[in-house]
Amino acid sequence: MESLLQSLLGDNLLTLVLYCALPLVFLLLYALLAILGEVKISAFMQDRLGPMRTGPWGIIQPLADVLKLLQKEDITPKDADKFLFNLAPYLSFMAAYAAFAVIPFSSQYVGADLNLGAFYLLAIGSLNVAAIMMAGWASHNKYSLYGAMRSVAQIVSYEVPAAMMLVIVVLFVGSLNFQDIITAQSGPFWNWMVFGGPKADVELASGEILGASWINLIFLPLFLASFVMYYITGLAETNRTPFDIPEAESELVSGYHTEYSGMKFAMFFMSEYANMFLVSAVTAILFFGGWNSPFGVYLGDMFDAQWLVALEQFGWLVFKGLFFVFVIIWLRWTLPRLRVDQLMYMCWKVLIPFSFGIALIVGFLVVVLK
Amino acid sequence: MSQTLEALQEDIAAGRLKTDELVLNMGPQHPSTHGVLRLELVLDGEAVVKVIPHLGYLHRCFEKHAEAMTYPQVIPYTDRMDYLAAMNNNHGYALAIERLMGIELPERVEYIRVIMAELQRIASHLVAIGTFGMDIGAFTPFLYCFRDREYILDIFERTCGARLLYNYMWVGGLSHDVHDGFEKDVRDFIKRFRPTIKEVNDLLNYNKIFIERTANIGVLPVDVAVSYGCSGPMLRGSGVDFDLRRDDPYSIYDRFDWQVCVGKGEAGTVGDCWDRHMVRVWEMEQSCNIIEQALETFPPGDITEAIPKRIRPPKGEIYTRVENPRGELGYYVISDGSANPFRVKARGPSFVNLSVIDEISRGHLIADIVAILGSIDIVLGEIDR
């Protein structure tokens, strides 16, 4: 992809900027789609129609929403810490977007092919906490502060089991690079991690050979459990129901973004939706083969067209990601919300011990089987 | 870690480190205070030390107004007290004046009143259940509840033209006879409604997270409930088997076969939020039973025959109480023989039930305050009057 851009535009700054901005284009389109999905799915679950007036069947509603937010007055409360207050939403979105750098959209395109991809993801994911704390503190509002404190407590604790789940896959594959993790799951869907990982030897993108056989089936229950646990921690990290405690509408009005309006609110909103896709995409990458086709073959290979293969891979990743986004939305309109202490209990007393247990067993099995 | 914590606590105890309680104003503009209630929360971290409710944002001088009105003119004002249960409010007031004047009602009027009051009870409980779910964070059951409430409002609309404030039960009768096809409409409604109860049970009431959030929260012991004068689902949730429809029978409730539902502490302690909530759910089924029985023996007749031409009750005073969806709604009316009441005092269930909130919410977290307030099921129109 980079070489394609370079051949078109030459090796200059524009190429670089374009290359970095590609996920942003996707993200903006995805956000519109997800907002529409949220309102329409919730409507169907609740015996309603949802928006029907803006455009045919209401499909332009998200655009109208964005337009409305753009027109809103940009309010900064009198007693707010102006610098931090104005910085927070952009930092929040930046943190969400920066994580997209290591998401491989296809075998041809990844923003930054880092060898420490998984590690980078965890590190940059924590940046969001700083933004939320900033917003909550700078708003000079008790509700915002409570929301921020809850959010920080929640995200910091849930990062531990989330990291453990990543480590489990990393242990198995032996690489922190997402392209390697995806390549390890190439072939038909039974090679996906959630079904126990590859069943035959695979050559990783880095050139190493990952030895594997059908004995990997014993990993199936372990990976299945860690998939479910990763998804739960993902829900908590994106502040979605049943873990939407920092924004609990019925308690804290809107939590840390109570005082935000207009475009700055939109930034928080965008970063929430970006995080939703991020968690879904990482779930797909770690456990559902990332951009791998579930059938193990691509249409592009038949016509010997690499661009078509890349497009298909992109399609598969987005499809899997959107599916998990759909599940997040589905859960939101079904479940009530946990209380803050129950959330902490679940993290520290349930998820963390289990994740350590699974990591130990997987580590042991990996050593024994190799 | 524990050492530092102990050191901190020592510092606090010795006064070297100053900690303070935080006062948080919840409302009057807050999504879950169910109107314009202001709760002043004194907090220690997230734990609640004290709750002080501030009332009066919706005060409309009902009692003073009533003194300047003729007896029938007061009825629309009773509508506006508990605006989710206007039929029941009308019923209590009409009953008080009828007892003062010694009016015997035609059978048909009594039947229609009971059916309307029970439909209104279902509608009111649906709002309570739906909004309680929303307080806990479940949005979808709320819309299911409101969908079914809509059928009831449609029935009311077809009968008397109004959907919220009916002015339907008049002294000695009703404003209109029921519309053609009323019986079929109500039967259809009950047929559609019974599955909804099951649906809400599956989706919300027996949901693990919902039980975790409401069981053992805001436990109201029987002695506290009685000494504060709680009534309705609040009192029955604490396990007290008391319902005015059975224990101080008015209208024709004594003719029907139905049960008084009480909290049993299935999910946690008797008298917790879950119990109060479930009493409402069970009561809806009992209301359906009453309505079905009433429809079976629904008599024909003229509903206007007992309406007096001139409403001037003889000198005297009376206290009449009826079972409102929220509890005991009492009217104390003094008549001086003129066309206007000398004094009308309303005893509102929400007002009394709310007074217990400080007692039952100390030591809980902010999130529990929302649950407790939701389970008390207040209507600000009636608290402030």
Side-chain angles (χ1 to χ4, degrees), chain A residues 38-39 41-50 140-154 232 235-236 239-255 258-259 329-346 348-350, chain B residues 22-27 29-34 39 41 43 45-48 130-148 150 196 199 202-217 273 277 364-374:
Chain A
E38 180 107 52
V39 292
I41 292 167
S42 68
F44 293 146
M45 292 179 71
Q46 296 165 348
D47 265 7
R48 297 183 287 124
L49 287 172
H140 198 78
N141 178 321
K142 287 169 188 168
Y143 287 105
S144 299
L145 188 59
Y146 266 112
M149 294 306 290
R150 284 180 178 192
S151 192
V152 170
Q154 173 174 335
I232 292 172
L235 288 177
N239 296 337
R240 295 285 294 195
T241 311
F243 307 107
D244 59 340
I245 290 158
E247 309 167 20
E249 197 207 341
S250 58
E251 295 150 33
L252 297 181
V253 193
S254 284
T258 305
E259 294 284 359
I329 294 174
W330 180 11
L331 286 174
R332 165 154 184 203
W333 298 106
T334 308
L335 294 176
R337 177 188 309 125
L338 283 166
R339 205 172 51 214
V340 67
D341 58 320
Q342 292 163 344
L343 175 99
M344 289 298 165
Y345 178 94
M346 183 162 156
W348 291 102
K349 296 202 168 166
V350 181
Chain B
L22 178 75
V23 176
L24 185 71
N25 270 307
M26 203 164 159
Q29 277 90 32
H30 188 279
S32 56
T33 50
H34 296 257
L39 290 178
L41 305 180
L43 301 166
E46 282 233 12
V48 174
T131 51
F132 186 51
M134 204 150 79
D135 288 341
I136 303 295
F139 198 87
T140 303
F142 169 76
L143 281 133
Y144 290 174
C145 289
F146 266 61
R147 178 193 63 198
D148 279 24
E150 204 67 9
T196 303
E199 205 173 44
D202 290 346
L203 193 60
L204 185 70
N205 301 336
Y206 290 96
N207 181 310
K208 175 85 174 121
I209 299 177
F210 182 75
I211 291 178
E212 287 281 319
R213 282 295 309 276
T214 54
N216 295 325
I217 299 298
C273 288
H277 176 75
H364 285 306
L365 304 177
I366 302 180
D368 297 330
I369 297 299
V370 174
I372 291 169
L373 191 67

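Quick note on labels: first sequence line is chain A, next is B, and so on, each numbered from 1.
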* A/A43: what forms a side-chain contact (heavy atoms from CB on, under 4.5 Å) with it, not counting sequence neighbours? -> A/R48
* Which heavy atom of A/D341 sits nearest a heavy atom of B/L365, and at what distance? -> OD1-CD1, 3.6 Å
* Where on B/L22 is there a heavy atom nearer than 4.5 Å to chain A: the side chain, the backbone, both, or neither? -> side chain
* What orientation do B/H30 and A/Y143 show, parallel under 30°, tilted 30 to 60°, or perpendicular over 60°? -> tilted
* **Atom pair OG1/CZ of B/T214 and A/R339 - distance to nearest 0.5 Å** => 10.0 Å
* Atom CE of A/M45 and atom CG of B/L203: how far apart are they, to the nearest 0.5 Å? -> 8.0 Å
* chain A contact via B/F210 - which portion, at a heavy-atom distance below 4.5 Å -> both
* Select one option (side chain, backbone, both, neither) describing which atoms of A/Q46 are under 4.5 Å from chain B's heavy atoms. => both
* With A/T258, which residues qualify under side chain to side chain donor-acceptor pair (under 3.5 Å), at least two apart? -> none
* Asked: Roughly how far apart are B/E212 CD and A/R337 CZ, rounded to 0.5 Å?
  -> 15.5 Å
* **Approximate separation, where rounding is to 0.5 Å, of A/L335 CG and B/I136 CD1** => 13.5 Å
* Does a sphere of radius 6.0 Å around CE in A/M346 hold more than 12 heavy atoms from other residues, nucleotides or ligands, not counting ones at 6.0 Å or beyond? -> yes
* Structure fact -> Bottom line for B/L41: the part with an atom under 4.5 Å from chain A's heavy atoms is neither
* To do: Answer yes or no: is there a side-chain heavy-atom contact under 4.5 Å between A/K142 and B/L43?
  => no
* Asked: OH of A/Y345: more than 12 outside heavy atoms within 6.0 angstrom?
  -> no
* Asked: To the nearest 0.5 Å, what is the distance between CG (B/L24) and CG (A/L145)?
  -> 10.5 Å
